[in-house]
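Predicted model, so just to flag it, every value in this text is computed and none were measured. Just the heavy atoms: all of them, side chains too, but no hydrogens, waters or symmetry mates, feed the values below. Atoms within each ligand, like the ligands themselves, are counted from 1 in listed order.
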Amino acid sequence: MKLDCRLMAIANLVRKDKAFADIGTDHAYLPVYLVEKGIIQRAIAADLRVGPLENARDAVVSYRFTEQIELRLSDGLDNFKENEVDEIAVAGMGGLLISQFIERTGWLKNENIHLILQPMTHVEELRKTIFDNGFIVDKEVVAEDDDKLYIVLSAYYYGDATAYTELDLIVGKLPHNDDSLSKKYLEKIYDKYNKKLIALKNAGKQCTELEQLVGELKQWQ
Ligand SMILES: C[S@@+](CC[C@H](N)C(=O)[O-])C[C@H]1O[C@@H](n2cnc3c(N)ncnc32)[C@H](O)[C@@H]1O
């Protein structure tokens, strides 16, 4: 199984020999890869819909991993029991949907559970949900496929809600990284907010807070 850079960035964060779940698995690329490489021994590949689970079944059968990879219909983690899994990937979905999974799955609040989250949208809102619910982000990675940048967050339950600023929600841990893709992502964020600022200024609008934010984002350019 060959993964694209986005899925590989997720796979690289998976701890060895954990009970793994892939939520919204579609073709089960991630669990198949992890079992094939011997990183995990067993996995649950879950999806909301039958069609994607059929795609997953095709991959699992063709790689002969039916003993190791269970297929499960589940809306988020709703059809999982506490203590079934401790390594959980949720990738390729919107940040708001991933936030809902976190908020309604109380048993995720366990220090032994590792969440690997790859939101396609609303990364700031997802960071806010993570912090407000007592999780910490220990690592963030940027991956690139076909000129698109993707953020992957690694999070653990910590207990206390983390204090954060608007800037923390926007840049996350990327300023701590020393790689070119994180720098590229920070440039992209700066451009986005700077364009917004220019447009507001041109429209004669007051924008002190945005001006300050853009000033702060400039430090990583
Ligand atoms: C774009 S695919 C991502 C597949 C794979 N995780 C990846 O990142 O390449 C999104 C998958 O999430 C599934 N999905 C959407 N909503 C879901 C939910 N509420 N619970 C579980 N899976 C869901 C879809 O059926 C689809 O298979």
S.K.: Where does L97 meet ligand 1, judged by heavy-atom distances below 4.0 Å: at the side chain, the backbone, both, or neither?
M.R.: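 L97 to ligand 1: side-chain contact only, backbone stays beyond 4.0 Å.
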S.K.: Are Y164 and D132 linked by a side-chain donor-acceptor pair shorter than 3.5 Å?
M.R.: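 Yes.
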S.K.: Report the part of F101 (side chain from C-beta onward, or backbone N, CA, C, O) that has a heavy atom under 4.0 Å from ligand 1; answer both or neither where that applies.
M.R.: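 Answer for F101: side chain.
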S.K.: Just to confirm my output: which protein heavy-atom neighbour is closest to atom 19 (N) of ligand 1, and how far is it?
M.R.: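 For this ligand atom, the closest protein heavy atom is D75 OD1, 2.8 Å.
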S.K.: Which residue and non-hydrogen atom of the protein lie closest to atom 27 (O) of ligand 1, and at what distance in Å?
M.R.: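 The closest heavy atom on the protein side is D47 OD2, 2.7 Å.
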S.K.: Give the residue and atom name of whichever protein heavy atom lies nearest to atom 23 (C) of ligand 1, and the separation in Å to one decimal.
M.R.: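 For this ligand atom, the closest protein heavy atom is L48 CB, 3.6 Å.
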S.K.: When you check the side-chain N and O atoms of D47 and T25, is any donor under 3.5 Å from an acceptor?
M.R.: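 Short answer, no.
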S.K.: Go through it in stages, so that I can follow the logic: the residues are K128 and E125, the test is salt bridge (charged side-chain N to carboxylate O under 4.0 Å, His left out), and I'd like the CA-CA distance, side-chain angles, deciding distance and then a yes or no.
M.R.: CA-CA 5 Å; K128 182 173 176 351; E125 287 83 351; over 6 Å; no
S.K.: What is the closest protein heavy atom to atom 20 (N) of ligand 1, and at what distance does it sit?
M.R.: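 Looking at atom 20 (N) of ligand 1, the protein heavy atom closest to it is G76 N, 2.8 Å.
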S.K.: Rounded to the nearest 0.5 Å, what's the gap from OH on Y185 to CG on L174? Could you check?
M.R.: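 Going from OH on Y185 over to CG on L174, the span is 7.5 Å.
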S.K.: When you measure from the side chain of N177 to the backbone of E140, do you find a donor-acceptor pair of N or O atoms at a distance under 3.5 Å?
M.R.: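 Such a contact is found between N177 side chain and E140 backbone.
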S.K.: Check K184 with E187, please: is the shortest side-chain N to carboxylate O separation under 4.0 Å?
M.R.: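 Salt bridge absent between E187 and K184.
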S.K.: Would you mind finding which of P52, G24, G92 brings a heavy atom closest to atom 6 (N) of ligand 1?
M.R.: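 Residue with the shortest heavy-atom distance to the ligand atom: G24.
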S.K.: Donor-acceptor pair, distance only, cut-off 3.5 Å: does the side chain of D86 make one with the backbone of K18?
M.R.: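 Not a single qualifying donor-acceptor pair exists.
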S.K.: One residue to check: M93. Relative to ligand 1, which of side chain, backbone, both or neither has a non-hydrogen atom less than 4.0 Å away?
M.R.: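 The part of M93 near ligand 1 is the side chain, not the backbone.
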S.K.: Just jot down the ligand 1 atoms closer than 4.0 angstrom to any heavy atom of D26, in number order.
M.R.: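 Close to D26: 4 (C), 27 (O).
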S.K.: Just let me know how R6 lines up against ligand 1, side chain, backbone, both or neither, with a heavy-atom cut-off below 4.0 Å.
M.R.: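 Contact part for R6 vs ligand 1: side chain (C-beta onward).
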S.K.: Minimum heavy-atom separation for I69 and A45, please, with both atom names.
M.R.: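 Closest heavy-atom pair between I69 and A45: CG2-CB, 4.0 Å.
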S.K.: Backbone, side chain, both or neither: what part of S74 comes under 4.0 angstrom of ligand 1, heavy atoms only?
M.R.: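 For S74, the contact with ligand 1 is made by the backbone alone.
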